[in-house]
Amino acid sequence: MDAMNGRPNFAEKISEFRRLSDEQRKDFKLKVGLAEMLKGGVIMDVTTPEQAQIAEEAGAVSVMALERIPADIRKEGGVSRMSAIKMIRGIQETVSIPVMAKARIGHFMEARVLEALGVDFIDESEVLTPADEENHIDKRDFRVPFVCGARNLGEALRRVGEGAAMIRTKGEAGTGDIVEAVRHMRTIMKEMRIIQGMRPDELPTAAKNHQAPLDLIEMVHRTGKLPVPNFSAGGIATPADAALMMSLGAETVFVGSGIFKSSDPMRHAKAIVKAATYWDDPFKVLEACEDIGEPMRGQSVAQTPEAELMAGRGW
Amino acid sequence: MPLIGVLALQGDFEAHLEMMRELSAPAREVRTAAALQEVDALIIPGGESTTMLRLLHRENLWQELARFGEEKPIFGTCAGAILMASEVSHPQQESFSMMDIAVIRNGYGRQLDSRIVLLHPEPGIEEVLGRDLEAVFIRAPIIQRVGPGVEVLVRYNGDPVLVRHGKHLAASFHPELTTDSRIHDYFVRRVAETLSFASNP
């Protein structure tokens, strides 16, 4: 078996491949290592310490601390920024699982503040209003790991090139409509299968077409996988949605508005955790589906005006 | 060859399975009581111990796993070590008491305090494990106290980080996140010895 197939040693391989120094290798390995710990689980958006407690009790592997869940950002509008420090700190003090927080795309100073605060992961997120319409944060320059959204392989690999330790497909946050999450996951998986089937001398053109670093395209060619764990976000509202994304290749799911916009958040959160673990057992997913009350009402992406869509943010 | 199960409720179970493939040791994911019955030993991976704890209870695996540990060897890394401990603090949390160790969760701090260090096993075990083990600590627990009967195999800054109690093994770091399979090899060989001892008394 090709040793490159193993994802766990990926940090080693990527370091060898990109000729990173020993310090850079260790740094990347620790970042990807935390992402490895979060696999097979559910990361939940929370806005208060009380919600964080519910999420932890329900079995979340991590919480994303943010001021307003995407469904409310969508409804209320305005500029969406990094969350209030006091709120994030309150959540850090309440739970023992890792705490993530969002910075605006390109806003490296918000990221510096979150790093100083000691959050465990930063999401450079399209859900917030972008701060820079050309550049993303140079994530290699930070000690805290980053997760970034992507809609396709090129976008995912550009983010990895900038130092992201985890990719999440973007979906369309705050809608409760799974269609975009499915589209983005299928796109990335399909593009990787095509790259895998190419002749080596076709890869430079593939890199050009995907606007992605050539060495990372070459890694995908050899492994058939993204260089970092690949999670899914944006529109997951039910246990069946979570199981669907896991079976399409997601290694963990982010659930934002889906939990705290449902009729019974604790029950709903538990059911989604169960479905993410037992996604390949329809009887267990059935049990999870039976356990829930009313899911969030949601908003169809097809009926959402283009200007209100968030997935297009990021370059 | 013994069949090794890897508890796959959540966490980096895939990395442990990869190690087993590298050692050509038969292994499989364990998510249910039925799957647990079929394996000779179990690895509890890194991940979030609170998440695993809740799933074990909800899926009625707690009793099954406690009973399994009375008879068969278990190797826990990080979250796995926390679940196997006799005492868990920061915050206090339920555990199996399979090993007489007290652990402080996230004892080394948050992600910014995560680190990779080179460790040398204690004298006596060094000839078995060799030198220069790369130890990956990620939001790692501190093993604060070990009871009588617990053998410390590796220390970091004086703290035990790889310990053995009877047939069980626990690490506060992640040997599965390296390319070095010596600790997994050590566990598999000990499981094989235990099994052959059991079948040829």
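Letters go in sequence order (proteins before strands), and every chain restarts at 1.
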Please lay out, stage by stage, how A:Tyr278 and B:Arg31 fare under the test side-chain contact (heavy atoms from CB on, under 4.5 Å). CA-CA 8 Å; A:Tyr278 294 100; B:Arg31 286 193 177 88; 3.7 Å; yes
side-chain contact (heavy atoms from CB on, under 4.5 Å) assessment of B:Leu55 paired with A:Lys270: CA-CA 9 Å; B:Leu55 281 165; A:Lys270 282 183 182 173; over 6 Å; no
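Of all non-hydrogen atoms in A:Thr277 and B:Leu9, the two that sit nearest each other are OG1-O, 3.0 Å. Across B:Arg58 and A:Ala58, no two heavy atoms sit closer than the pair NH1-O, 2.8 Å. Closest non-hydrogen pair, B:Thr50 versus A:Ser96, comes out as CG2-OG, 3.9 Å. Across B:Leu112 and A:Glu115, no two heavy atoms sit closer than the pair CD1-O, 3.2 Å. Listed here is the closest heavy atom pair of B:Asp12 and A:Met37: OD2-CE, 3.3 Å.
Using a 4.5 Å cut-off between heavy atoms, B:Glu134 contacts chain A through its side chain alone, with no backbone atom that close.
The number of heavy-atom neighbours closer than 6.0 Å to NE2 of B:His57, taken from other residues, nucleotides and ligands shown, is above 12. Within 6.0 Å of CZ in A:Phe108 there are 12 or fewer heavy atoms belonging to other residues, nucleotides or ligands. For A:Arg89, the CZ atom sits in a loose shell: 12 or fewer heavy atoms of surrounding residues, nucleotides or ligands are nearer than 6.0 Å.
Side-chain atoms of B:Arg54 and A:Glu56, non-hydrogen and from C-beta on, do get closer than 4.5 Å to each other. Counting only heavy atoms from C-beta outward, the side chains of A:Val273 and B:Gln10 never approach each other to under 4.5 Å. A heavy-atom distance below 4.5 Å is not found between the side chains of A:Lys31 and B:Ile138. Contact check for A:Pro98 versus B:Arg139: side-chain heavy atoms found under the 4.5 Å cut-off. Between A:Glu36 and B:Glu176, the closest side-chain pair of non-hydrogen atoms is not below 4.5 Å.
We find the CD-NZ distance between B:Glu14 and A:Lys39 to be 4.0 Å, quoted to the nearest 0.5 Å.
Heavy-atom pairs under 4.5 Å with chain B peak, among A:Gly59, A:Gly40, A:Ala60, at A:Gly59. Of the listed residues A:Gln92, A:Glu57, A:Lys274, the one with more heavy-atom pairs under 4.5 angstrom with chain B than any other is A:Glu57. Counting heavy-atom pairs closer than 4.5 Å to chain B, the top residue among A:Ser62, A:Ala276, A:Pro145 is A:Pro145.
Judged as a salt bridge (charged side-chain N to carboxylate O under 4.0 Å, His left out), and not counting sequence neighbours, the contacts of A:Lys26 are A:Asp22. Residues that satisfy the salt bridge (charged side-chain N to carboxylate O under 4.0 Å, His left out) test with A:Glu50, not counting sequence neighbours, are absent from this structure.
Residue-level contacts of residues 280-288 of chain A with chain B, in order of numbering, are A:Asp280, A:Lys284; threshold 4.5 Å between heavy atoms.
Every pair passing salt bridge (Lys or Arg N to Asp or Glu O under 4.0 Å) that includes a residue from residues 104-122 of chain B is listed here, sequence neighbours excluded: A:Asp120-B:Arg110, B:Glu122-B:Arg155.
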